[in-house]
Amino acid sequence: MTPVRTVLDTNVLVSALLFPKGTVSWLRDAWRTGAILPLASRDTVSELVRVLCYPKFRLAAAEREELLADYLPYCDSVDVGEPPPVPECRDPFDRMFLEVALVGRAEALITGDEDLLALAPDFPVAILTPRAFARRLSG
């Protein structure tokens, strides 16, 4: 089975990493088993590292390293280079996910972010909620 080339936005990814009994914890198994191939760029990884450092998560450096070690080795690195044109986003920080999806030839961008979901009808890569993506994977 060929893994589904997937971009996970930071909120979905952090939820999958930090909450093993949460609603998106299945994503962790999906990348571990090769059902999905997460795509990551320098910018998306920097954002992940920044968010994992939030005081509310109370993660020690070793815990952050462990979480990254359970994700990054499964990723395909995407060099965005000259960013492709993407639709205007209400949140400029969302652009990086759209760019990685296009340059990395993703089949899906997984998010719960309404700003990104609003772009779904006009974007060439499927922008899906985790629930919709789960249905697509199992369907």
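The residues of the chain are indexed from 1 along the displayed sequence.
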Subject >> Shortest non-hydrogen separation from Arg28 to Leu17 and the atoms involved >> reply: NH1-O, 3.1 Å

Original post:
Does atom CZ of Arg136 have more than 12 heavy-atom neighbours from other groups under 6.0 Å away?
Top reply: no

Subject >> Separation between CH2 of Trp26 and CG of Leu137, rounded to the nearest 0.5 Å >> reply: 5.5 Å

Original post:
Among the clusters formed by ILVMFWY side chains lying less than 4.5 Å apart, do Met96 and Val49 turn up in the same one?
Top reply: no

**OP:** With rounding to the nearest 0.5 Å, note down the distance linking OG in Ser15 to CG in Asp9.
**Re:** 8.5 Å

Original post:
Is there a side chain to side chain contact (heavy atoms under 4.5 Å, CB included) between Phe97 and Thr111 once you walk through the steps?
Top reply: CA-CA 10 Å; Phe97 300 108; Thr111 185; over 6 Å; no

Original post:
Do Asp70 and Arg32 meet the salt-bridge criterion of a basic N to acidic O distance under 4.0 Å?
Top reply: yes

Original post:
Is there side-chain contact between Leu37 and Thr6, with at least one heavy-atom pair below 4.5 Å?
Top reply: no

Subject >> Nearest atoms (heavy-atom pairs only) where Ala108 meets Leu128 >> reply: CB-CD1, 4.2 Å

Subject >> Phe133: which of Val12, Ile36, Leu109 passes side-chain contact (heavy atoms from CB on, under 4.5 Å) >> reply: Ile36

**OP:** Could you check Leu52, Val51, Asp113, Val45 and say which one makes a side-chain contact (heavy atoms from CB on, under 4.5 Å) with Thr10?
**Re:** Val51

Using residues 77-94 as the side-chain source, report each donor-acceptor pair under 3.5 Å to any protein atom, sequence neighbours left out, with the distance given to one decimal.
{"residue": "Asp79", "atom": "OD1", "partner": "Gly81", "partner atom": "N", "Å": "3.2"}
{"residue": "Arg90", "atom": "NE", "partner": "Asp115", "partner atom": "OD1", "Å": "2.5"}
{"residue": "Arg90", "atom": "NH2", "partner": "Asp115", "partner atom": "OD1", "Å": "2.8"}
{"residue": "Asp91", "atom": "OD1", "partner": "Phe93", "partner atom": "N", "Å": "2.9"}

Subject >> Common cluster, Leu8/Leu117, ILVMFWY with side-chain heavy-atom separation under 4.5 Å >> reply: no

**OP:** Return the minimal non-hydrogen interatomic distance between Val4 and Glu107, and the atom names on each side.
**Re:** CA-OE2, 3.6 Å

Subject >> Side chain to side chain, Val7 and Pro38, heavy atoms closer than 4.5 Å >> reply: no

Original post:
To the nearest 0.5 Å, what is the distance between OG (Ser46) and CZ (Arg42)?
Top reply: 8.0 Å

Original post:
Would you call the rings of Trp31 and Tyr71 parallel, tilted or perpendicular if under 30° counts as parallel and over 60° as perpendicular?
Top reply: perpendicular

Original post:
So, Tyr54 and Arg58: side-chain donor and acceptor under 3.5 Å apart, yes or no?
Top reply: no

Subject >> Value rounded to 0.5 Å, distance of OG1 in Thr129 from CG in Leu116 >> reply: 12.5 Å

Subject >> Residue pair Glu63 / Ala60: nearest heavy atoms and the distance that separates them >> reply: OE1-N, 2.6 Å

Subject >> Side-chain donor or acceptor of Arg64 paired with backbone N/O of Leu59 under 3.5 Å >> reply: yes

**OP:** Please name the pair of heavy atoms, one in Phe57 and one in Val14, separated by the smallest distance, quoted to 0.1 Å.
**Re:** CZ-CG1, 3.8 Å

Original post:
What are the two closest heavy atoms between Ala101 and Val125, and how far apart are they?
Top reply: O-CG2, 3.9 Å

Subject >> Atom pair CG/OG1 of Leu39 and Thr44 - distance to nearest 0.5 Å >> reply: 9.0 Å

**OP:** Quick one: pull up CD1 in Ile110 and CG in Leu27 and give me the separation to the nearest 0.5 Å.
**Re:** 7.5 Å

